[in-house]
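Everything below concerns the one structure shown next.
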Amino acid sequence: MSTIKLADCEHTLDARDANLGDSRFNDVRLANCRFQQVTLEGSVFDDVSFAGVAVRNGVYTGMTIEGIDVDALLCKWRSGQTAAAVAA
């Protein structure tokens, strides 16, 4: 495995069939990026902005946001949506 260091630069990366495990990103702008078939298991995001981010067809097992279990949160929200649809 090799290390590529990028600092004070502006690049567009196209990574396919790549293992970028153990990579570090600090003070990095990833606006308008597209991630497909990506595994983020064990990743930690500190001091990030997810404004306008869309996540589709994800697996959320073990994922937390501010300490809240995302799977449980979505399950509760979905059951509320189902109850609201039945009541309508």
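We use all heavy atoms of the structure for the numbers below, so side chains are in, but hydrogens, waters and symmetry mates are not. If you're wondering where the values come from, they're calculated on a predicted model, not measured in any experiment.
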Going hydrophobic residue to hydrophobic residue with side-chain gaps under 4.5 angstrom, can you get from [X] over to [Y]?
| X | Y | result |
| --- | --- | --- |
| Val53 | Leu73 | no |
| Phe35 | Val59 | no |
| Val55 | Val70 | yes |

Minimum heavy-atom distance Asp69-Ala72, with the two atoms named: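 In this case the closest contact between Asp69 and Ala72 is OD1-N, 2.7 Å.
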Distance-minimising heavy-atom pair for Cys9 and Leu6: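 The answer is SG-CB, 3.6 Å.
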Measure the spacing between [atom1] of [X] and [atom2] of [Y] and express it to the nearest 0.5 Å.
| X | Y | atom1 | atom2 | value |
| --- | --- | --- | --- | --- |
| Lys5 | Arg24 | NZ | CZ | 12.5 Å |
| Glu41 | Thr61 | CD | OG1 | 9.5 Å |
| Asp47 | Asp27 | CG | CG | 11.0 Å |
| Thr39 | Gln37 | OG1 | CD | 9.0 Å |
| Ser43 | Phe25 | OG | CZ | 9.0 Å |
| Leu74 | Ile68 | CG | CD1 | 11.5 Å |

Evaluation steps, side chain to side chain contact (heavy atoms under 4.5 Å, CB included), between Leu40 and Phe45: CA-CA 10 Å; Leu40 294 172; Phe45 298 87; 4.1 Å; yes
Please say whether more than 12 non-hydrogen atoms of neighbouring residues, nucleotides or ligands are located less than 6.0 Å from CD in Gln81.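 Result for CD/Gln81: enclosed.
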One pair to check against side chain to side chain contact (heavy atoms under 4.5 Å, CB included): Phe50 and Ile65. What are the steps and the verdict? CA-CA 11 Å; Phe50 288 112; Ile65 297 176; over 6 Å; no
